[in-house]
Amino acid sequence: MSKPTHQNNLEIKRHEDNIKFLQTEINRLSHSILNLQVSLAKHHSGNGNGTTDENGATRVEEEETEQIMRQEKSAAALLCKLKPMKSHHATQALNLALTKDVLGIVGVVCSLGSVDDDDLSRILSEYLGLDTMLAVVCRTYEGVKVLEKYDGDGMIISSAGIHGLGSSIGNSIKGRFQVICLEDLRPYVGGFVADNPQRKLALPKPQLPNGECPLGFLDYAVNMINLDKRNLLSLTTGGHGLRETLFYSLFSRLQVYKTRREMLLALPCINDGAVSLDGGMIKKSGVFALGSRNNIDVRFLATSGESSMPINYIETEDLLKKLKLERTHVTEDMQREQELLDLANINLITIL
């Protein structure tokens with residue numbers, strides 16, 4: 001065997017060994033990625049909406065209805081009361097656009113998302129306040145116009161719209177109520193977390209002056225709201241879901257920390273406010289909410305009912321991203337090795 005032929009055979013053997021090693025690495029990374037995906041999937045499935053009763057209502061829906069109905073003179077309670085009426089009164093007092101356009105089970109902010117943790121539910125509900133938690137959400141301005149009608153002097157027509165509907169069933173509305181129009185909100189502009197079933201927003205983690213993420217940072221509030229599949233996509237003509245419209249408008253980049261102490265240590269990188277699970281609250285940069293906590297009667301429902309937020313959840317998501325990126329790089333290395341192997345085989349044929 002000539003020297004060039006021997007060297008070429010050694011080169012072929014080296015490339016084949018490298019390919020075998022890289023393939024083993026890809027298999028190992030794929031297995032690790034699968035395990036992490038299963039772990040995250042179990043977390044999501046473990047925080048579902050509960051069992052369904054004989055009327056088709058889930059436990060979560062029943063709890064939502066109960067807490068809203070306690071606000072007797074609110075628009076939210078009226079819409080909630082309408083649900084079992086099969087829209088008979090609604091079609092008499094309102095245009096059909098109301099039932100088609102009002103979003104969600106009863107069209108109320110508090111019913112459009114849930115959270116994993118009771119402490120998180122308390123602080124986010126307090127941050128928004130009762131009026132916002134009971135706000136009616138519509139897809140378009142047409143839905144907003146249907147809710148309330150005015151006379152030539154700009155006065156509310158009590159016999160029309162939602163006010164007329166309330167009077168007809170003995171459930172008059174007292175005071176103002178908020179209505180949020182999705183089409184008029186400026187949606188989040190940016191990417192989403194890859195392979196995340198909840199379509200979380202790809203927001204960069206806050207950084208202290210030393211470049212490190214603050215200790216105790218859990219996530220942004222907008223990403224800690226769990227949404228039903230029907231509310232994740234295409235709720236507006238632009239194809240946006242609730243996270244990038246409603247909840248981004250309500251929370252912006254509100255940060256969530258484990259403790260008040262950790263939140264205060266992170267002040268240098270808090271711009272759009274922050275809250276902590278033990279009751280700390282910064283409304284926005286430079287504006288602190290002090291004093292005793294307000295117990296809001298209407299909250300986002302906590303699917304677990306207790307403090308069960310996995311501490312390592314975000315770390316698991318980060319690790320999953322890193323492993324996927326590493327697998328991509330290893331795959332590219334293997335492709336290069338395969339090209340070099342093919343070239344070496346061609347060279348060997350030429351020599352022979």
Side-chain angles (χ1 to χ4, degrees), residues 48-94 96 98-115 118 120-139 143-144 146-148 156 158-180 225-228 230-231 242 246-247 250 293-306:
N49 286 341
T51 57
T52 303
D53 65 15
E54 63 274 13
N55 297 317
T58 66
R59 175 188 59 81
V60 169
E61 289 173 340
E62 290 176 351
E63 291 181 18
E64 286 172 349
T65 300
E66 288 174 4
Q67 66 173 353
I68 294 171
M69 289 296 287
R70 287 195 289 268
Q71 310 300 316
E72 296 179 357
K73 297 297 182 179
S74 69
L78 174 56
L79 291 175
C80 189
K81 193 172 183 179
L82 277 178
K83 188 181 178 185
M85 294 183 180
K86 308 301 182 183
S87 297
H88 173 68
H89 290 278
T91 54
Q92 291 181 344
L94 295 177
L96 279 174
L98 173 62
T99 54
K100 293 179 180 178
D101 198 75
V102 175
L103 177 65
I105 299 172
V106 292
V108 180
V109 167
C110 67
S111 71
L112 298 176
S114 63
V115 295
D118 192 56
L120 180 62
S121 172
R122 289 184 64 193
I123 195 65
L124 292 186
S125 301
E126 182 185 4
Y127 175 83
L128 293 180
L130 182 61
D131 287 346
T132 301
M133 290 294 288
L134 289 174
V136 177
V137 180
C138 295
R139 287 188 176 88
V144 179
V146 166
L147 290 171
E148 197 165 81
I156 297 173
S158 60
S159 60
I162 196 170
H163 300 284
L165 174 59
S167 298
S168 70
I169 61 174
N171 201 138
S172 299
I173 298 172
K174 182 179 180 181
R176 290 186 179 273
F177 62 96
Q178 293 184 19
V179 181
I180 300 173
I225 300 292
N226 298 323
L227 301 176
D228 289 340
R230 66 179 182 273
N231 291 333
L242 279 187
L246 174 66
F247 289 109
L250 294 177
R293 300 180 66 167
N294 294 323
N295 289 317
I296 303 298
D297 292 332
V298 177
R299 303 181 188 177
F300 292 111
L301 291 180
T303 50
S304 66
E306 57 186 20

**OP:** Please report the shortest heavy-atom distance between Val298 and Met133, naming the atom on each side.
**Re:** O-CE, 3.7 Å
Subject >> Pairwise distance CD(Glu126) to CD1(Ile296) - rounded to 0.5 angstrom >> reply: 6.0 Å
Original post:
Any side-chain heavy atom of Phe247 sitting closer than 4.5 Å to one from Leu227?
Top reply: yes
Original post:
Are Leu242 and Ile225 close enough that some pair of their side-chain heavy atoms sits under 4.5 Å apart?
Top reply: no
Subject >> Pairing residues for Ser158 by the side-chain contact (heavy atoms from CB on, under 4.5 Å) criterion, not counting sequence neighbours >> reply: none
Original post:
Taking C-beta and beyond as the side chain, do Phe300 and Ser114 meet within less than 4.5 Å on heavy atoms?
Top reply: no
Subject >> Distance (rounded to the nearest 0.5 Å) between Ser172 OG and Leu78 CG >> reply: 9.0 Å
Original post:
Quick one: salt bridge (Lys or Arg N to Asp or Glu O under 4.0 Å) partners of Glu148, sequence neighbours excluded?
Top reply: none
Subject >> Any donor-acceptor pair under 3.5 Å from Ser125 side chain to Arg122 backbone >> reply: no
Original post:
Would you call Val146 and Ile162 a side-chain contact if the rule is heavy atoms closer than 4.5 Å?
Top reply: no
Original post:
Would you find a donor on one side and an acceptor on the other, under 3.5 Å apart, between the side chain of Gln71 and the backbone of Ala77?
Top reply: no
**OP:** For the pair Leu147 and Cys138, evaluate side chain to side chain contact (heavy atoms under 4.5 Å, CB included) and give the outcome as yes or no after the intermediate values.
**Re:** CA-CA 10 Å; Leu147 290 171; Cys138 295; 4.1 Å; yes
Original post:
With a 4.5 Å limit on heavy-atom distance, are the side chains of Val137 and Val179 in contact?
Top reply: no
Original post:
Quick one: does Gln178's side chain get under 4.5 Å of Thr132's, heavy atoms only?
Top reply: yes
**OP:** Check whether any side-chain heavy atom of Val109 lies under 4.5 Å from a side-chain heavy atom of Leu134, and answer yes or no.
**Re:** no
Original post:
Of the non-hydrogen atoms in Arg299 and Ser121, which two are nearest, and what is the gap between them?
Top reply: CB-OG, 3.4 Å
**OP:** Please examine the side chains of Ile68 and Cys110, heavy atoms only from C-beta on, and report whether any two atoms are closer than 4.5 Å.
**Re:** yes
Original post:
Can you tell me how far the CG atom of Asp118 sits from the CD1 atom of Ile123, to the nearest 0.5 Å?
Top reply: 12.0 Å
**OP:** Rounded to the nearest 0.5 Å, what's the gap from CD1 on Ile180 to CG on Leu112? Could you check?
**Re:** 9.0 Å
**OP:** For Arg70, check salt bridge (Lys or Arg N to Asp or Glu O under 4.0 Å) against everything at least two apart and list the hits.
**Re:** none
Original post:
Say you draw a straight line from OH of Tyr127 to CG of Leu120; how long is it, rounded to the nearest 0.5 Å?
Top reply: 13.5 Å
